[in-house]
Amino acid sequence: TMPERLTKATDHIQEQIALVKQLEEKGFTYVISDGVYFDTAKFEDYGKLSTLDKKDEGVARIEENSAKRNPRDFALWKFSYPHGRTFDPAQDDKTQKRQMEWKSPWGKGFPGWHIECSAMSMKYLGETFDVHTGGIDHIPVHHTNEIAQSEAATGKQFVDYWVHTAFMLVAGQKMSKSLGNIYKIYDLEKQGYEPLALRYLYMQTHYRQEMNFTFSALEASENALKNLFEEVMKFDEPEGRLAEYEERFLEALNEDLNMPKALAVVWEMVKSNKPSGAKANSLFKMDEVLGFNIREFTEKIKREEGIIPGHVRRLVEERQHLRKQKQFNAADQLRAKIEKLGYEIEDTKKGIKVKKKI
């Protein structure tokens with residue numbers, strides 16, 4: 001059962017202790033002065049995710065502690081103070097006393113870096129679960145150690161599919177505080193950008209490829225998303241489905257989450273001459289994955305403006321095109337046709353308003 005609220009690692013100390021205890025009972029741990037460590041030499045498949053060579057110690061994570069049996073061994077439980085003693089005011093600086101420490105079978109201390117992820121994942125998702133995500137920087141150490149401690153404890157495969165994302169650059173540079181190029185969604189909203197445009201932008205680059213964020217690219221994505229909504233507003237009421245496009249969309253998803261390809265399928269369908277009601281239904285189905293809230297957005301606009309049928313919206317758009325081409329007589333003829341269908345057109349500085357005649 002998933003937790004009802006956002007859960008924290010500190011809420012699961014006992015689960016972490018229990019997992020370390022399980023590893024200890026199976027002979028995968030040893031104790032040195034500063035903590036309980038996982039013995040990587042005893043886990044045969046250590047490094048399989050990153051294809052590490054256990055004999056190549058040159059790439060091992062370097063730590064000050066030289067008492068470890070192997071440079072790759074990692075802490076499961078760290079002691080607050082050297083093993084066998086507690087805080088001593090005569091020799092320990094009070095400012096260095098830890099505020100987050102817990103009692104354990106090995107002494108007072110705190111969990112290692114990796115153990116919380118395994119303990120919490122297995123509690124809520126099971127000893128084996130489908131998908132584990134993370135950045136590519138997690139592969140050689142963090143995720144490698146998650147696999148080792150989890151599979152050593154259970155004897156089962158920990159994760160079926162690992163999904164690792166590449167890094168994102170900002171205007172060709174690495175994100176850093178010193179460069180002032182780290183932005184939160186809140187920052188972009190304050191500048192007037194639609195947050196969903198950022199989602200659209202992300203989908204244009206495969207998650208395993210490095211992405212370069214620029215504001216011009218974000219603006220282009222915002223325009224593309226706006227164009228998509230405008231196309232949907234011209235659709236007739238949802239009716240039927242387009243199985244061919246839905247199947248191709250699903251194939252793109254199954255191609256290692258190839259979202260750029262999936263978006264291309266979406267636009268091909270939207271621009272096709274297929275019945276617009278069927279396009280609407282299939283697009284709403286695809287949006288369960290895309291998450292652009294297309295149905296909610298279009299229904300909101302229709303409630304605010306009144307429900308305008310798709311064939312009327314298409315006439316309005318054609319009239320607007322004629323006006324831009326300065327074909328005013330033809331545009332006036334379309335206006336008369338629209339009014340004959342029972343709808344009024346008002347040209348304003350903010351755009352065209354269409355409403356049903358009362």
F215 and Y183: aromatic ring centres closer than 6.0 Å? yes
Indicate yes or no: at least one non-hydrogen side-chain atom of S272 is less than 4.5 angstrom from one of K279. yes
Looking at residues at least two apart in the chain, or sitting in another chain, which of them share a salt bridge (Lys or Arg N to Asp or Glu O under 4.0 Å) with E146? none
Partner residues of E288 under the salt bridge (Lys or Arg N to Asp or Glu O under 4.0 Å) criterion, sequence neighbours left out: K285
Are any of the side-chain heavy atoms of K274 and S282 separated by less than 4.5 Å? no
State which residues pass ring-ring contact (aromatic ring centres under 6.0 Å, His included) with Y245; sequence neighbours excluded, sorted by chain then number. none
Verify, without hydrogens or angle tests, whether D39 (side chain) and F28 (backbone) share a donor-acceptor contact under 3.5 angstrom. no
If you count every heavy atom of other residues, nucleotides or ligands that lies below 6.0 Å from K337 atom NZ, does the total exceed 12? no
What distance separates F213 CZ from L218 CG, expressed to the nearest 0.5 Å? 5.0 Å
So which heavy atom on K174 is nearest to which on N181, and how close? O-ND2, 3.2 Å
Sequence neighbours excluded, the answer for ring-ring contact (aromatic ring centres under 6.0 Å, His included) partners of Y202 is none
Measuring from E251:CD to E247:CD, what's the distance to the nearest 0.5 Å? 7.0 Å
May I ask you to decide if A252's main-chain N or O and N258's side chain share a donor-acceptor pair within less than 3.5 Å? no
If we ignore hydrogens and angles and just use 3.5 Å, is the side chain of D236 paired with the main-chain N or O of G277 as donor and acceptor? no
Run the side-chain contact (heavy atoms from CB on, under 4.5 Å) test on W77 and E24 for me, step by step, so that the C-alpha distance in whole Å, both residues' side-chain angles and the decisive distance to 0.1 Å come before the verdict. CA-CA 11 Å; W77 186 264; E24 181 183 57; over 6 Å; no
Check this for me: I185, atom CD1, are more than 12 non-hydrogen atoms of other residues, nucleotides or ligands nearer than 6.0 Å? no
In short, I139 meets T144 closest at the heavy-atom pair O-OG1, 2.7 Å
Selection residues 152-164 - residue pairs positive for side-chain hydrogen bond (donor to acceptor under 3.5 Å, both in side chains), sequence neighbours left out: E127-K156, H143-H164, Q157-D160
Any I115 side-chain heavy atom under 4.5 Å of Q149 side chain: yes
Counting distance only, does the side-chain N/O of N227 pair as donor-acceptor with the main-chain N or O of N223 below 3.5 Å? yes
Taking only residues two or more places apart in sequence or in another chain, which ones pass ring-ring contact (aromatic ring centres under 6.0 Å, His included) with F249? none
Euclidean distance, M120 CE relative to L19 CG, rounded to 0.5 Å: 12.5 Å
Value rounded to 0.5 Å, distance of CZ in F297 from CE in M233: 7.0 Å
Would you mind reporting whether Y30 and K42 have side-chain heavy atoms less than 4.5 Å apart? no
Q16 side chain to A9 main-chain N or O, any donor-acceptor pair under 3.5 Å? yes
Tell me whether Y186 is reachable from Y193 by hopping between hydrophobic residues (I, L, V, M, F, W, Y) whose side-chain heavy atoms are closer than 4.5 Å. no
So which atom in I32 and which in F79 form the shortest heavy-atom distance, rounded to 0.1 Å? O-CE1, 3.4 Å
Scanning both residues in full, the closest heavy-atom pair of I17 with W106 reads O-CH2, 3.6 Å
Min side-chain heavy-atom separation Q173-V170 under 4.5 Å: no
If hydrophobic clusters are built from ILVMFWY residues whose side chains come within less than 4.5 Å, do V131 and L257 share one? yes
Could you check whether any side-chain heavy atom of E339 comes within less than 4.5 Å of a side-chain heavy atom of I345, counting everything from C-beta outward? no
Would you mind listing every salt bridge (Lys or Arg N to Asp or Glu O under 4.0 Å) that reaches into residues 198-214, with sequence neighbours excluded? R208-D256
Test log, rule side-chain contact (heavy atoms from CB on, under 4.5 Å), inputs Y37 and K78: CA-CA 9 Å; Y37 280 76; K78 295 280 283 185; 3.5 Å; yes
As an exercise, state the distance from CZ of R248 to NZ of K261, rounded to the nearest 0.5 Å. 8.5 Å
Do the non-hydrogen side-chain atoms of L315 and L341 ever get within less than 4.5 Å of each other? yes
Side-chain donor or acceptor of T40 paired with backbone N/O of R72 under 3.5 Å: no
Restricting to pairs with a member in residues 129-143, which pass salt bridge (Lys or Arg N to Asp or Glu O under 4.0 Å), not counting sequence neighbours? none
Closest non-hydrogen contact found for F43 with A152 is CE1-N, 3.8 Å
Are L250 and V163 connected into the same hydrophobic cluster when the rule is that any two of I, L, V, M, F, W, Y join if their side-chain heavy atoms are below 4.5 Å apart? no
Would you check if the side chain of N281 reaches a backbone N or O of G240 as a donor-acceptor pair within less than 3.5 Å? yes
Quick one: pull up NE2 in H114 and CG in L76 and give me the separation to the nearest 0.5 Å. 8.5 Å
Taking only residues at least two apart or on different chains, which pairs with a member in residues 220-235 satisfy salt bridge (Lys or Arg N to Asp or Glu O under 4.0 Å)? E231-K234, E231-K271, K234-E317
Would you say F38 and V20 make side-chain contact, with heavy atoms under 4.5 Å? no
Kindly say whether K68 contributes a backbone atom to a donor-acceptor pair with the side chain of D73 at under 3.5 angstrom? no
Just to verify, what does Y207 make a ring-ring contact (aromatic ring centres under 6.0 Å, His included) with, not counting sequence neighbours? none
Using every non-hydrogen atom in the two residues, find where L253 and A262 come nearest and quote the distance to one decimal. CD2-CB, 4.4 Å
Cluster overlap L169 with L188, hydrophobic side-chain contacts below 4.5 Å: no
Using the rule that two of Ile, Leu, Val, Met, Phe, Trp, Tyr join whenever any of their side-chain heavy atoms come within less than 4.5 Å, decide whether W267 and L242 are in one cluster. yes
Partners meeting side-chain contact (heavy atoms from CB on, under 4.5 Å) with S150 (sequence neighbours left out): S118, M122, F158
The complete set of side-chain hydrogen bond (donor to acceptor under 3.5 Å, both in side chains) pairs with one or both residues in residues 319-333, sequence neighbours excluded, reads R319-D347
Hey, mind stepping through F74 and W113 against side-chain contact (heavy atoms from CB on, under 4.5 Å) and telling me if it holds? CA-CA 9 Å; F74 56 92; W113 179 30; over 6 Å; no
